[in-house]
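The chain is numbered in sequence order, starting from 1.
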Amino acid sequence: MAAIRIQEAASHRLDEIYRYTRSRWGTKQADRYIARMFEAFHSIGTRGVVSKPVPAEFGVEGYFFRHERHFVYWRRLKNGDIGIVTILHERMHRIDRFREDFGL
């Protein structure tokens, strides 16, 4: 089974999501939301989430799926592991943020 690797931009986004959710709805809700997100990450390898290819205009190889109010972008790493690249809220301008997180 492939390991899940949280890449730097995704790690920062997870921290932001947790802090925002905690300040808005409390610690229990923040803990639940992040736990469900990690469950979704682990479902990638078993195809428990439906992923689509990243559109060509992003200029990178990878996939994404929707998890509640966020889009999770991931790619298969050279060693076969799953790299969670970034996580963007549905209201974010995704192309700009995506390019920013990829350093493009």
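A distance of 5.5 Å separates CZ in F64 from NZ in K52, rounded to the nearest 0.5 Å. Atoms CD1 and CD1, on I34 and I87 in that order, are 7.0 Å from each other to the nearest 0.5 Å. One finds the CZ atom of R75 at 13.0 Å from the CD1 atom of I44 (value rounded to the nearest 0.5 Å). For the atom pair I17 CD1 and R22 CZ, the distance stands at 13.5 Å (nearest 0.5 Å). Expressed to the nearest 0.5 Å, how far CD1 of I84 lies from CG of L14 amounts to 9.0 Å.
The number of heavy-atom neighbours closer than 6.0 Å to CD of Q29, taken from other residues, nucleotides and ligands shown, is above 12.
When the side chain to side chain contact (heavy atoms under 4.5 Å, CB included) test is applied to R5, the partners found at least two apart in sequence or on another chain are A3, L77, D81. Legend: residues meeting side-chain hydrogen bond (donor to acceptor under 3.5 Å, both in side chains) with R69, ordered by chain and number and at least two apart, are E90. Considering only residues two or more places apart in sequence or on other chains, H67 meets the ring pair (Phe, Tyr, Trp, His ring centres under 6.0 Å) condition with Y33. Applying the ring pair (Phe, Tyr, Trp, His ring centres under 6.0 Å) test to Y18 and every residue at least two apart in sequence or in another chain returns nothing. For Y63, the ring pair (Phe, Tyr, Trp, His ring centres under 6.0 Å) test picks out W74, with sequence neighbours left out.
Closest approach of A40 and V49 over heavy atoms only: O-CG1, 3.9 Å. When all heavy atoms of Q7 and V85 are compared, the closest pair comes out as OE1-CG2, 3.2 Å. Pairing each heavy atom of A2 with each of G80, the nearest pair is CB-O, 3.3 Å.
Listed by chain and number, the hydrophobic cluster partners of Y20 are W25, where partners are ILVMFWY side chains within reach of under 4.5 Å, directly or through others.
The side-chain heavy atoms of Y73 and V54, taken from C-beta on, include a pair separated by under 4.5 Å. The shortest side-chain heavy-atom distance between H70 and L88 does not fall under the 4.5 Å cut-off.
Residue pairs meeting the salt bridge (charged side-chain N to carboxylate O under 4.0 Å, His left out) criterion with at least one member in residues 24-38, sequence neighbours excluded: R36-E68.
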Could you walk me through whether E16 and R19 satisfy the salt bridge (Lys or Arg N to Asp or Glu O under 4.0 Å) test, starting with their C-alpha distance in whole Å, then the side-chain angles of each, then the deciding distance to 0.1 Å, before giving a yes or no? CA-CA 5 Å; E16 291 171 354; R19 283 192 305 271; 5.2 Å; no
